[in-house]
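Here the structure is laid out as structure tokens; the discussion comes afterwards.
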There are 2 protein chains.
Amino acid sequence: MSVTVINYDLSMGRWEPNARGRLEQAALELYGERGFEQTTVAEIAKRAGLTERTFFRHFADKREVLFWGQGALQELLVHAVADAPDSVAPIDAIAAALEVAGARFQGRREHSQQRHAIIAANAELRERELIKLVSLASALAGALRLRGIADPAASLAAEVGIAVFRVAFDRWIGETGQTDWSQVIRESMDELKAVTAGR
Amino acid sequence: MSVTVINYDLSMGRWEPNARGRLEQAALELYGERGFEQTTVAEIAKRAGLTERTFFRHFADKREVLFWGQGALQELLVHAVADAPDSVAPIDAIAAALEVAGARFQGRREHSQQRHAIIAANAELRERELIKLVSLASALAGALRLRGIADPAASLAAEVGIAVFRVAFDRWIGETGQTDWSQVIRESMDELKAVTAGR
DNA sequence: CGATCGATGTCAGTTGCTGTCATCACCATA
DNA sequence: TATGGTGATGACAGCAACTGACATCGATCG
């Protein structure tokens, strides 16, 4: 089989460039074809033209290959919170950030669905996804604290924001759901406010 | 070393009774003594007077020994939500359930702290804890739906409830914090309402 | 008394993951 | 141009988590 090499690098060395990208693509393909558990790291490496050992040099474990892009999303959200005007309430700064984050999803809905299906089909992958979301919440709480919001308000706003994100993402990705990210976020946030107001 | 046998069973058979309990205790001890990663399942089994294979017959994996009691907590919370009067708003039914759940912690604060320390010290264990909490949220959402609450309100109330639980638990278990569970829950819930009201 | 059952032991095998050392193109510098 | 350092990879051995298959043997039931 042939491997599509993304981001061909002119300063190529002894090996084919973009080892990490090849590993990622091979893993996504195999996880999709036969499932996460049924795929061995040796198989991923082979399809990428590398060795198992090299896989573990690029990704901490077999799951991480699906999540390492998360770091960029986190940065995006944190910056969005930091950039919100001072007058904006914590929960609304979070909401604004979530809307901005949609830029990373909007237009790649199908890709998101595939990845989501792989993750949803496996408990270990769901665990990893959860801890990434908690890390995100933690980073958002930090960003709020930099805006002068004290705990536990900062933590609560961040955690609640992630809860909204989860609910909104599920809705957005669902077959029958709304496909406009911003709108889904705004609706979910409105529901949140209704619920916590005791209605 | 000797092993304390809890719940001695008069109908003992060929082996020492309460294999599961012995495994659990041995695991807790070893995880505490030398850490989760530094403990092998073979060591746990040996201390419990059993074999590695038997450990995996009682617990799905090395982590699960710390979490299998969670099922009872989930039942307790679900029942509490179900038993709340019809007139109570979703979020308040959740809050009431969280207060009730304190009965499982109150009076065992030290034990909770030990277990919490073990979990906090290891990323894999934190992952497992998170997925258990999500399962809890899911069960609570189901209980709310049985009360006639539609989604996404049910899911949101449940997820938010879990966020409050997390924040409250951290506060309750902290050295300087309040030690009365009910009070911590009520305070945290009040904070939540303030935050989501946009303050 | 014999058959079945349930909890455990035994053992071999797969796989995720790590440590260690070798390789070799590239690069800087003498 | 020679030399030595560097960084990404390969090769290989090994540990530990987990699984499947089969054996064991007291208890229990008919």
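By convention in this document, chain letters (A, B, ...) are assigned in the order of the sequence lines, proteins followed by strands, and residues within each chain are numbered from 1.
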Starting at atom [atom1] of [X], determine the distance to atom [atom2] of [N], rounded to an integer number of angstrom.
X: L125(B); N: dA17(D); atom1: CG; atom2: C1'; answer: 14 Å
X: W15(B); N: dC5(C); atom1: CH2; atom2: C1'; answer: 11 Å
X: L30(B); N: dA16(D); atom1: CG; atom2: C1'; answer: 15 Å
X: R53(A); N: dT23(C); atom1: CZ; atom2: P; answer: 18 Å
X: E16(B); N: dC25(D); atom1: CD; atom2: P; answer: 18 Å
X: E52(A); N: dC12(D); atom1: CD; atom2: C1'; answer: 12 Å
X: R20(A); N: dG7(D); atom1: CZ; atom2: C1'; answer: 15 Å

Taking [Y]'s backbone N and O only, do any of them form a donor-acceptor pair with [X]'s side chain (distance below 3.5 Å, no angle check)?
X: R22(B); Y: L50(B); answer: no
X: R108(A); Y: A103(A); answer: no
X: R47(A); Y: L30(A); answer: no
X: R63(A); Y: R126(A); answer: no

Open item on the list: If you take any heavy atom closer than 4.0 Å to DNA chain D, which residues from residues 114-122 of chain B end up in contact?
Closed with: none
- [ ] Mind listing the residues from residues 35-44 of chain A sitting with a heavy atom below 4.0 Å of DNA chain D? Number order is fine.
- [x] none
Task: Strand-adjacent residues in residues 54-69 of chain B, judged by heavy atoms under 4.0 Å from DNA chain C - done: T54(B), R57(B), H58(B)
Open item on the list: For the residue pair Q183(A) / E187(A), report whether a side-chain donor-acceptor contact shorter than 3.5 Å exists.
Closed with: yes
Task: Rounded (10°) bend between the five-pair end axes of the helix from dC1(C)-dG30(D) to dA30(C)-dT1(D) - done: 0°
Open item on the list: The test is side chain to side chain donor-acceptor pair (under 3.5 Å); show your working for Q25(A) and E29(A) and say whether it passes.
Closed with: CA-CA 6 Å; Q25(A) 173 154 354; E29(A) 288 172 7; 3.2 Å; yes
Aromatic ring pairing [X]/[Y], orientation class (parallel under 30°, perpendicular over 60°, tilted between):
X: W181(B); Y: W172(B); value: perpendicular
X: W68(B); Y: F59(B); value: tilted
X: Y31(B); Y: F36(B); value: perpendicular

May I have the list of side-chain donor-acceptor pairs in residues 73-80 of chain B shorter than 3.5 Å, sequence neighbours left out?
residue	atom	partner	partner atom	Å
Q74(B)	OE1	S135(B)	OG	3.1
H79(B)	ND1	E75(B)	O	3.2

Task: Salt-bridge contact K62(A)-E124(A) (side-chain N to carboxylate O under 4.0 Å) - done: no
Task: Basic-acidic side-chain contact under 4.0 Å: E64(A), K132(A) - done: yes
Task: Non-neighbouring partners of R145(B) that pass salt bridge (Lys or Arg N to Asp or Glu O under 4.0 Å), sequence neighbours left out - done: D151(B)
